[in-house]
Amino acid sequence: MSESKEHIKTLIIGSGPAGYTAAIYAARADLKPVIYQGMQPGGQLTITTDVDNYPGYPEGKKGPEMMEDFKAQAERFGTDVRWGMITDIDLSSHPFQAKTDEGKEIEAETVIISTGASAKWLGLESETEYNGAGVSACATCDGFFYKGLNVAVVGGGDTAAEEATYLSNLANKVYLIHRRDELRASKAMQKRVFKKDNIEVVWNHVPKEITGESQGFSKKVTGVRLENTQTGEEKNIDIDGFFVAIGHKPNSDLFKGQLDMDEQGYLITKPDSTKTNIPGVFACGDVQDKTFRQAVTAAGTGSMAAIEAERYLGELEAEK
């Protein structure tokens, strides 16, 4: 091992609820975890305003503040939290070899992957402007704030159908906006959508601009301007919330060709486990969960990953 190469017991790649929870458990188990926060320190919750569905915060909490709490708790037990990214990793032999964006070389006995997934966005300027102020990519996270109000969901797959159905139980009216004249969602999901009286499918339309109001630092969505994909005609719909449901992309490119993943790129873990196909490498949070994608489930799998990493190291020690 070269003098410049750092040897660590547990390398955690990516922060957020999964990474920080893994760090808390790993640190308490004396695995001396080092966590590289990645491109978005704190994960997707840092672009979420109010989080009301995480246990232990009876008054709710701002997403960025919650992630600061997670980070502080991980550091309290001795986690080494670092800025930066892991840009290269070789999992073909043990210990595993990694490099950071600054060229630092690391040798790790265990690796916990918590790189998350990124919501796919439409690419509208107004989408960015009102993100967290009426624009969301998670109905189960933010739907409660639109109880009795009018909302729009854009998309045509299972995700969009599921989000629209979920929101229909809370909102007064749900507009499901789709660029084509038929949904891509499964027949079962379509049936659920069409059974709901307060869901109106807006066929053959695409969003062109999300409109809203700004007062000082306060912003809110008031409507969306749509374009007919067949005629080019435009129309406006009055809404209070705009949900983008065109899918997520797991942040797993770093592990292509090394770890098993599905056709969408989600890392495959063994049943009831965070173990990947390579012993000593574990995956937790949204990078391996395309079903729930919640902070609380991500945190749960983070604890699992750290417990399994501890057991793996214990077994290695016992074999010596």
Side-chain angles (χ1 to χ4, degrees), residues 8-48 51-58 60-86 108-118 138 140-141 248 250-252 255 266-267 269-276 280-314:
I8 59 178
K9 277 189 179 181
T10 301
L11 171 65
I12 302 175
I13 306 174
S15 44
Y20 284 139
T21 304
I24 291 166
Y25 274 73
R28 284 169 56 86
D30 200 31
L31 302 188
K32 298 178 173 54
V34 173
I35 182 168
Y36 276 86
Q37 293 175 293
M39 191 180 295
Q40 189 177 35
Q44 291 185 82
L45 277 191
T46 57
I47 57 169
T48 303
V51 181
D52 274 340
N53 58 358
Y54 198 94
Y57 292 94
K61 193 79 171 177
K62 300 289 184 189
E65 293 175 1
M66 178 181 285
M67 286 302 91
E68 282 300 314
D69 288 347
F70 274 53
K71 177 173 176 277
Q73 189 170 355
E75 289 179 323
R76 175 186 158 211
F77 294 112
T79 300
D80 185 348
V81 179
R82 299 178 183 176
W83 286 95
M85 300 168 57
I86 299 296
E109 294 179 42
T110 54
V111 174
I112 294 176
I113 301 165
S114 55
T115 47
S118 301
C138 181
T140 48
C141 308
H248 287 72
N251 302 318
S252 61
F255 313 103
Y266 285 93
L267 297 182
T269 51
K270 298 185 190 304
D272 303 317
S273 171
T274 62
K275 294 176 183 177
T276 66
V281 180
F282 309 89
C284 54
D286 287 11
V287 74
Q288 56 86 229
D289 171 23
K290 60 182 175 184
T291 305
F292 301 105
R293 295 196 298 263
Q294 299 297 301
V296 69
T297 50
T301 57
S303 68
M304 290 165 59
I307 291 168
E308 291 188 300
E310 179 191 11
R311 289 173 180 169
Y312 170 79
L313 289 172

**Request:** Determine yes or no for a side-chain-to-main-chain donor-acceptor pair under 3.5 angstrom, with Ser252 supplying the side chain and Leu267 the backbone.
**Result:** no

**Main-chain N/O of Gly280 paired with Thr110 side-chain donor or acceptor, under 3.5 Å** = no

**Asked** What's the shortest heavy-atom distance between Arg82 and Asp80, and which atoms?
**Response** NH2-OD2, 2.9 Å

**Message:** Please report the interatomic distance CG(Leu31) to CD1(Ile8), rounded to the nearest 0.5 Å.
**Reply:** 11.0 Å

**Message:** For Phe255, run the side-chain contact (heavy atoms from CB on, under 4.5 Å) check against Ile13, Thr276, Val111, Val281 and tell me which one passes.
**Reply:** Ile13

**Request:** Check whether the side chains of Glu75 and Tyr20 place a donor and an acceptor atom closer than 3.5 Å, and report yes or no.
**Result:** no

**Phe70 versus Ile24, closest heavy-atom pair with distance** = O-CD1, 4.2 Å

**Fill in**
So CD1 of Ile12 and SG of Cys284: to nearest 0.5 Å the spacing works out to 7.5 Å

**Complete:** For Ser303 and Thr21, the nearest pair of non-hydrogen atoms, with its separation, is N-CG2, 3.8 Å

**Asked** Can you tell me how far CD1 of Ile307 sits from CZ of Arg28, rounded to the nearest 0.5 angstrom?
**Response** 10.5 Å

**Side-chain donor or acceptor of Thr301 paired with backbone N/O of Ala298 under 3.5 Å** = yes

**Message:** Whether the side chain of Ser15 engages the backbone of Gln37 through a donor-acceptor N/O pair (distance < 3.5 Å, no angle test) should be reported.
**Reply:** yes

**Item:** Trace of the side chain to side chain contact (heavy atoms under 4.5 Å, CB included) decision for Tyr36 with Leu11
**Value:** CA-CA 8 Å; Tyr36 276 86; Leu11 171 65; 3.8 Å; yes

**Message:** Between Asp30 and Lys32, does any side-chain N to carboxylate O distance fall below 4.0 Å?
**Reply:** yes

**Prompt:** When rounded to the nearest 0.5 angstrom, what distance separates NZ in Lys290 from NE2 in His248?
**Reply:** 13.5 Å

**Request:** Please test Leu313 against Thr10 for side chain to side chain contact (heavy atoms under 4.5 Å, CB included), starting from the C-alpha separation and ending with a verdict.
**Result:** CA-CA 10 Å; Leu313 289 172; Thr10 301; 4.3 Å; yes

**Request:** For residues Pro17 and Ala295, report the shortest heavy-atom separation together with the two atoms involved.
**Result:** CB-O, 3.6 Å

**Message:** Can you tell me how far apart NZ (Lys62) and CD (Glu68) are? Round to the nearest 0.5 Å.
**Reply:** 15.5 Å

**Asked** If you look at every heavy atom in Pro250 and Val287, which pair is closest and at what distance?
**Response** CB-O, 4.2 Å

**Message:** To check you understand the geometry: which heavy-atom pair defines the closest contact between Ala26 and Ala306, and what is its length?
**Reply:** N-CB, 3.7 Å

**Asked** Does the pair Tyr54 and Lys61 meet the rule for a side chain to side chain contact (heavy atoms under 4.5 Å, CB included), with working shown?
**Response** CA-CA 9 Å; Tyr54 198 94; Lys61 193 79 171 177; over 6 Å; no

**Asked** Does any donor atom in the side chain of Glu308 or Ser273 lie under 3.5 Å from an acceptor atom in the other side chain?
**Response** yes

**Request:** Kindly indicate, with the supporting measurements, whether the criterion side chain to side chain contact (heavy atoms under 4.5 Å, CB included) is fulfilled by Asn251 and Gln40.
**Result:** CA-CA 11 Å; Asn251 302 318; Gln40 189 177 35; over 6 Å; no

**Request:** To the nearest 0.5 Å, tell me how far Thr115 OG1 sits from Gln288 CD.
**Result:** 10.0 Å

**Request:** Answer yes or no: does atom OH of Tyr266 have more than 12 heavy-atom neighbours from other residues, nucleotides or ligands under 6.0 Å?
**Result:** yes

**Asked** Do the side chains of Lys9 and Pro33 get nearer than 4.5 Å, heavy atoms only?
**Response** no

